[in-house]
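Worth saying up front: this structure is predicted, and the values here are computed from it rather than measured. Values below: all heavy atoms of this structure, side chains included; hydrogens, waters and symmetry mates excluded.
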Amino acid sequence: GDFESAITNFVVGEPGTGTEGDGYISWQILNVTDGGVHDSAVVYDITVLSTFSPLLPDKTYLLNAVLKDNTGTDLTNPEAAYTLTANTLGYIDVTSIADLRAVTDDGYYRLTNEAFLTFQQSFRGQKFIQDATGGILIDDVGGVISSTYAVNDGITNIRGQVSEFGGMKQFVPSTDYGAPSSSGNIITPQTVTLAELTTNAELYESELVEVVAVAIDNSTNTTFLNGQVYAMSQSSDNFDFRTTFFDVDYIDENVPTVSTDVVGIINERSGSLYFLSARDADDISGVTLSNDTFEEN
């Protein structure tokens, strides 16, 4: 929101710019709920605070403003200071991932029902989750989530903001989610045709699906290489497989030359290009690992 202030008998300047005036304003934001300074800076323009972390929901903050002279000393005769208490709005509760995917604003949301982890990687702290209504990618580049999870774990009350990058809907966490709400769940991929993916890939974005009896083109690359696209065909229909996930165990393994069943997650790039990406070698029926021993990452 906007904050307006009126100052009389004092010329507010800009330190270090040659227009110092009588002094400047020092702004500070304090997180009362959690304690400590949320954002703090000695600046002459409160808009600079917008470059810091956003205010979190369900919190109480203090906005302090103090007039200082050009040496950085608080004015004392008379003292010129102002404090504003602000309570941020709470989370908006939704009950399904479909509801999250429908969000169009930058509010903070909480998914109250359980979602299930289908894949995770160290890159950007990414985690793919889904429920009966859809899937979404958790993008945790800031490392907000400190709890550890395993594939097939259930997670309840995920909290954060919905965003979009390259066409992919993303959920950016605002706080750690705590221990799994369940584990050892069985997540069965939905079987779809390449024709259905070609027509309605957006409906399956971030979901675990399976395509049956497809041929994977190996005319350009005979092995799976990182970040490459491999055409799949099923009768007269086509859809692309992509090695989107790095450090997976089928990289450098041979592309199957026989009819193959593939399980994977639908992901989007560049706003309109959809791909199916396997999570590991077990997701591709025609891949036989050439090494006997692997380290689990």
Let me check something: any side-chain donor-acceptor pairs from residues 183-192 under 3.5 Å, sequence neighbours excluded? List them with distances.
residue, atom, partner, partner atom, Å
Asn185, ND2, Asn152, O, 2.7
Asn185, ND2, Ser182, OG, 3.0

Determine all donor-acceptor pairs shorter than 3.5 Å in which one atom belongs to a side chain in residues 73-81; sequence neighbours excluded.
residue, atom, partner, partner atom, Å
Thr73, OG1, Thr71, OG1, 3.0
Asp74, OD1, Lys68, NZ, 2.5

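Val229 and Ile251 fall into different hydrophobic clusters, where Ile, Leu, Val, Met, Phe, Trp and Tyr are joined by side-chain heavy atoms under 4.5 Å apart, directly or via other members. Cluster annotation: Val162 and Val94 are assigned to the same hydrophobic cluster (Ile/Leu/Val/Met/Phe/Trp/Tyr, side-chain heavy-atom contacts under 4.5 Å, transitive). A single hydrophobic cluster is seen to contain both Phe116 and Val263, as judged by linkage of ILVMFWY side chains at heavy-atom distances under 4.5 Å, directly or through other members. Follow the hydrophobic side-chain contacts under 4.5 Å out from Leu137 and you reach Ile265 in the same cluster. No continuous path of ILVMFWY side-chain contacts below 4.5 Å connects Leu203 to Ile136, so the two sit in separate hydrophobic clusters.
Of the possible donor and acceptor atoms, none in the side chain of Glu268 sits under 3.5 Å from a partner among the backbone N and O of Phe275. A distance-only check finds no donor-acceptor pair linking the side chain of Lys127 to the backbone of Tyr149 [under 3.5 Å]. Side-chain atoms of Asp131 come within 3.5 Å of backbone N or O of Thr133 as a donor-acceptor pair. Checked by atom type and distance alone, the side chain of Asp249 never pairs as donor or acceptor with a backbone atom of Asp280 at under 3.5 Å. With Arg159 contributing its side chain and Asp176 its backbone, the two residues share a donor-acceptor pair below 3.5 Å. The main-chain N or O of Ala150 is found under 3.5 Å from a side-chain atom of Asp153 such that the two form a donor-acceptor pair. Put simply, the side chain of Thr198 gets close to the backbone of Leu194: a donor and an acceptor are under 3.5 Å apart. At least one donor-acceptor pair closer than 3.5 Å links the side chain of Asp22 to the backbone N or O of Val11.
Pairs passing the side-chain hydrogen bond (donor to acceptor under 3.5 Å, both in side chains) check and including a residue from residues 224-237, sequence neighbours excluded, do not occur. The side-chain hydrogen bond (donor to acceptor under 3.5 Å, both in side chains) analysis of residues 201-215, with sequence neighbours excluded, yields the pairs Arg101-Glu202, Arg101-Glu205, Glu196-Tyr204, Glu202-Tyr274.
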request  = Could you walk me through whether Thr118 and Ile129 pass the side chain to side chain contact (heavy atoms under 4.5 Å, CB included) test, one step at a time?
outcome  = CA-CA 6 Å; Thr118 57; Ile129 60 171; over 6 Å; no

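Counting heavy atoms from C-beta on, the side chains of Ile216 and Val262 come closer than 4.5 Å. Counting heavy atoms from C-beta on, the side chains of Val211 and Leu197 come closer than 4.5 Å. At a threshold of 4.5 Å between non-hydrogen side-chain atoms, the residues Ile266 and Val209 count as touching. Residues Tyr91 and Ser174 meet the side-chain proximity criterion, which asks for heavy atoms closer than 4.5 Å. At least one side-chain heavy atom of Leu100 sits less than 4.5 Å from a side-chain heavy atom of Ile158. Contact annotation: the side chain of Val248 never approaches that of Thr243 to less than 4.5 Å [non-hydrogen atoms, C-beta and beyond]. Between Tyr109 and Pro57, every side-chain heavy-atom pair lies at or beyond the 4.5 Å cut-off. Considering only heavy atoms from C-beta on, Leu62 stays 4.5 Å or farther from Leu84 through its side chain.
The shortest non-hydrogen separation linking Ala281 to Val287 is CB-CG1, 4.1 Å. Counting all heavy atoms, side chain and backbone alike, Val255 lies closest to Asn221 at CG2-O, 3.7 Å. For Val103 against Lys169, the heavy-atom pair with the smallest separation is O-NZ, 3.2 Å. Taking each heavy atom of Asn70 and Gly21 in turn, the nearest pair found is ND2-O, 3.0 Å. Taking every heavy atom of both residues into account, Ala231 and Asp240 meet most closely at CA-OD1, 3.5 Å. Here the closest non-hydrogen pair linking Tyr24 and Gly13 is CB-O, 4.0 Å.
Within the model, atoms CZ of Phe119 and CD of Gln126 stand 8.5 Å from one another, a figure rounded to the nearest 0.5 Å. The CG atom of Asp247 lies 6.0 Å from the OG atom of Ser122; values are rounded to the nearest 0.5 Å. Atom CD1 of Ile92 is separated from atom CD of Gln161 by 10.0 Å, given to the nearest 0.5 angstrom. In this structure, CD on Glu253 lies 9.5 Å from CZ on Phe224, to the nearest 0.5 angstrom. Here the straight-line distance linking atom CG of Asn238 with atom CG of Asp217 works out to 9.5 Å at 0.5 Å rounding.
Glu114 and Ser181 are linked by a side-chain donor-acceptor pair at a separation below 3.5 angstrom, with hydrogens and angles left out of the test. With 3.5 Å as the limit, one finds no donor-acceptor pair spanning the side chains of Asp252 and Thr223.
Other cluster members for Phe123: none, since no ILVMFWY side-chain heavy atom sits under 4.5 Å from it. Grouping Ile, Leu, Val, Met, Phe, Trp and Tyr residues whose side-chain heavy atoms lie under 4.5 Å apart, directly or via other members, leaves Val172 alone, with no other cluster members.
In terms of the side-chain contact (heavy atoms from CB on, under 4.5 Å) criterion, residue partners of Pro173 (sequence neighbours excluded) are, by chain and number, Ile138, Asp140, Val144, Ile145, Tyr177. Not counting sequence neighbours, the partners of Ser96 by the side-chain hydrogen bond (donor to acceptor under 3.5 Å, both in side chains) test are Asp99. Partners of Thr112 by side-chain contact (heavy atoms from CB on, under 4.5 Å), not counting sequence neighbours, listed by chain and number: Asp93, Thr95, Arg110, Asn157. Partners of Arg124 according to the side-chain hydrogen bond (donor to acceptor under 3.5 Å, both in side chains) rule, which considers only residues two or more places apart in sequence or in another chain, are Asp139. Listed by chain and residue number, Phe241, Tyr250, Asp283, Ile284 satisfy the side-chain contact (heavy atoms from CB on, under 4.5 Å) test with Ala278 (two or more places apart in sequence, or in another chain). Taking the side-chain contact (heavy atoms from CB on, under 4.5 Å) definition, one finds that Ser277 meets it with Arg242, Thr244, Phe245, Asn267, sequence neighbours left out.
Atom CG of Asp105 sits in a crowded spot, with more than 12 heavy atoms from other residues, nucleotides or ligands closer than 6.0 Å.
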